[in-house]
Asks: 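Please find one structure pasted underneath; my questions will follow.
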Amino acid sequence: MSKSPENEELRSALLVVRCQLGERAAFEELIRDWSGPLLLHIRRIAGPEAAEDLAQEVWLRALRGIARLREGARIGGWLFAIAHHVVMDHFRLRYGRN
């Protein structure tokens, strides 16, 4: 199977459905696919010292929320949105609200 955008969207959608059905291997596959890009993104924003902990929080929130994801082909955007919220929460706690 080639890596065309359509094939990747279909693969992502099927992976999300498998996760929603409780297939642990599917969630592990999701982590393998996205942990590198997410960690790099988090590192760039929050710095290397906090990145691993924040990435773990992203995966916890993803695990809790994946059942509500309706467009599985958009998993990447959804995960990066979670990462954004996790990092912003981190900064709010670290620097307080002014």
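Residue numbers start at 1 and run along the sequence shown.
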Asks: State, with a plain yes or no, whether a side-chain heavy atom of V58 is found less than 4.5 Å away from one of L54.
Replies: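 SC-SC contact between V58 and L54 ruled out.
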Asks: With a 4.5 Å cut-off on side-chain heavy-atom distances among I, L, V, M, F, W and Y, is there a chain of contacts connecting V86 to F91?
Replies: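 Yes, because V86 and F91 connect within a single hydrophobic cluster, where side-chain heavy atoms sit under 4.5 Å apart.
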Asks: What closest approach, in Å, do A26 and L15 show between heavy atoms, and which atom pair accounts for it?
Replies: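 Result for this residue pair: O-CD1, 3.4 Å.
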Asks: Does any non-hydrogen side-chain atom of W59 lie less than 4.5 Å from one of L79?
Replies: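 Yes, at least one pair of side-chain atoms sits under 4.5 Å.
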Asks: With a cut-off of 3.5 Å and sequence neighbours excluded, list every side-chain donor-acceptor pair involving residues 30-44.
Replies:
unit_1 : atom_1 : unit_2 : atom_2 : d
D33    : OD2    : R11    : NH1    : 2.7
D33    : OD2    : R11    : NH2    : 2.8
S35    : OG     : I31    : O      : 3.0

Asks: Kindly give the heavy-atom pair with the smallest separation between A25 and R18, and that separation in Å.
Replies: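 Heavy-atom minimum between the residues: C-NH2, 4.3 Å.
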Asks: Who clusters with L21? Use side-chain heavy atoms, under 4.5 angstrom, across I, L, V, M, F, W and Y, and order the result by chain and number.
Replies: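 For the cluster that includes L21, the remaining residues are V17.
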Asks: Under 3.5 Å, is there a donor-acceptor pair between the side chain of E57 and the main chain of A83?
Replies: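 No; zero donor-acceptor contacts below 3.5 Å.
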Asks: Using 0.5 Å steps for rounding, measure from the CD atom of Q20 to the CZ atom of F27.
Replies: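 Atom-to-atom, Q20:CD and F27:CZ are 11.5 Å apart.
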Asks: With salt bridge (Lys or Arg N to Asp or Glu O under 4.0 Å) as the rule and sequence neighbours excluded, what pairs involving residues 73-90 come up?
Replies: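 The answer is R61-D89, E71-R74, D89-R92.
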Asks: Are L60 and M88 connected into the same hydrophobic cluster when the rule is that any two of I, L, V, M, F, W, Y join if their side-chain heavy atoms are below 4.5 Å apart?
Replies: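 Not linked; separate clusters.
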Asks: Any chance you could measure C19, atom SG, to R24, atom CZ, to the nearest 0.5 Å?
Replies: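 Result: 12.0 Å between the selected atoms.
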Asks: Going hydrophobic residue to hydrophobic residue with side-chain gaps under 4.5 angstrom, can you get from Y95 over to V87?
Replies: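 Same cluster: Y95 reaches V87 through Ile, Leu, Val, Met, Phe, Trp or Tyr contacts under 4.5 Å.
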